Amino acid sequence: MILSFKDIYNIGTVALILKLLQMPDGSTTAIIQGKKRFQIIEPTQVDPYFKARVIQYESKKKPGKSKEFNALISSIKDLAINIIKLSPQIPSDAVFAISNIESPAFLVNFVASNLNVEIKRETDTAGNFRSHGKS
């Protein structure tokens with residue numbers, strides 16, 4: 001359970017909610033589109049919800065431009081779309097969301113955030129990708 005700002009990451013994503021879906025199990029799934037990244041500068045409120053002063057976050061490393069990098073990104077996108085098409089529990093609208101992701105960093109973050117793994121491992125996956133100069 002998140003109780004304080006110490007329990008959350010200080011870098012996040014500003015996102016647009018594209019669609020809310022009611023799932024058969026009664027849960028709600030949101031299809032979102034990441035717009036830009038932010039960094040928390042100063043917490044300003046905890047209750048009834050978190051608020052903070054933020055600045056736009058720019059990765060220190062520039063995206064890769066090699067053919068190998070572009071092929072890897074294309075493969076990730078194609079595999080994610082195929083998984084969605086084969087998985088009845090994933091809304092088909094997710095194909096639309098993935099198809100419209102242009103930023104390699106957002107694609108990797110989107111895919112990593114939807115992996116069925118613990119949060120630390122998701123962060124490590126996306127972080128390892130970025131640490132190789134391909135964010």
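The structure displayed is predicted, hence computed values, not measured ones. As a basis for the values below, the full set of heavy atoms in this structure was taken, side chains included, without hydrogen atoms, waters or symmetry mates.
The stretch residues 40-50 participates, sequence neighbours left out, in these side-chain hydrogen bond (donor to acceptor under 3.5 Å, both in side chains) pairs: Glu42-Arg53.
Within the hydrophobic cluster formed by Ile, Leu, Val, Met, Phe, Trp and Tyr side chains joined at under 4.5 Å, directly or through other members, Tyr57 is accompanied by Ile11. In the hydrophobic clustering, where aliphatic and aromatic side chains (Ile, Leu, Val, Met, Phe, Trp, Tyr) are joined below 4.5 Å either directly or transitively, Leu16 groups with Leu18, Leu21, Met23, Ile31, Phe96. Here Ile32 sits in one hydrophobic cluster together with Ile17, Leu20; the rule is ILVMFWY side chains under 4.5 Å apart, joined directly or through other members.
Evaluation of the side-chain contact (heavy atoms from CB on, under 4.5 Å) rule for Ile101 yields Phe106, Leu107, Phe110 as partners, not counting sequence neighbours. Shown here are the side-chain hydrogen bond (donor to acceptor under 3.5 Å, both in side chains) partners of Lys19, two or more places apart in sequence or in another chain: Asp93. Scored by the side-chain hydrogen bond (donor to acceptor under 3.5 Å, both in side chains) test, Asp25 finds Ser27 as partners (sequence neighbours excluded). Residues passing the ring-ring contact (aromatic ring centres under 6.0 Å, His included) test with Phe5, sequence neighbours excluded: Phe50. Judged as a side-chain contact (heavy atoms from CB on, under 4.5 Å), and not counting sequence neighbours, the contacts of Ile83 are Ser87, Ile90. Taking Ser75 as the reference, nothing meets the side-chain contact (heavy atoms from CB on, under 4.5 Å) condition, with sequence neighbours excluded. Residues forming a side-chain hydrogen bond (donor to acceptor under 3.5 Å, both in side chains) with Lys36 (at least two apart in sequence, or on another chain): none. Judged as a side-chain hydrogen bond (donor to acceptor under 3.5 Å, both in side chains), and not counting sequence neighbours, Gln39 has no contacts.
For the residue pair Ala52 and Pro43, the shortest heavy atom distance occurs at CB-CA, 4.0 Å. Annotation for Thr13 and Phe38: closest pair N-CE2, 3.3 Å, computed over non-hydrogen atoms.
Within the 4.5 Å cutoff, the side chain of Val108 has heavy atoms near those of the Ile73 side chain. Residues Val46 and Ser4 fail the side-chain proximity criterion, which asks for heavy atoms closer than 4.5 Å.
A distance of 10.5 Å separates CG in Leu79 from CD1 in Ile98, rounded to the nearest 0.5 Å. Interatomic distance, Arg37 CZ to Ser103 OG, rounded to the nearest 0.5 Å: 8.5 Å.
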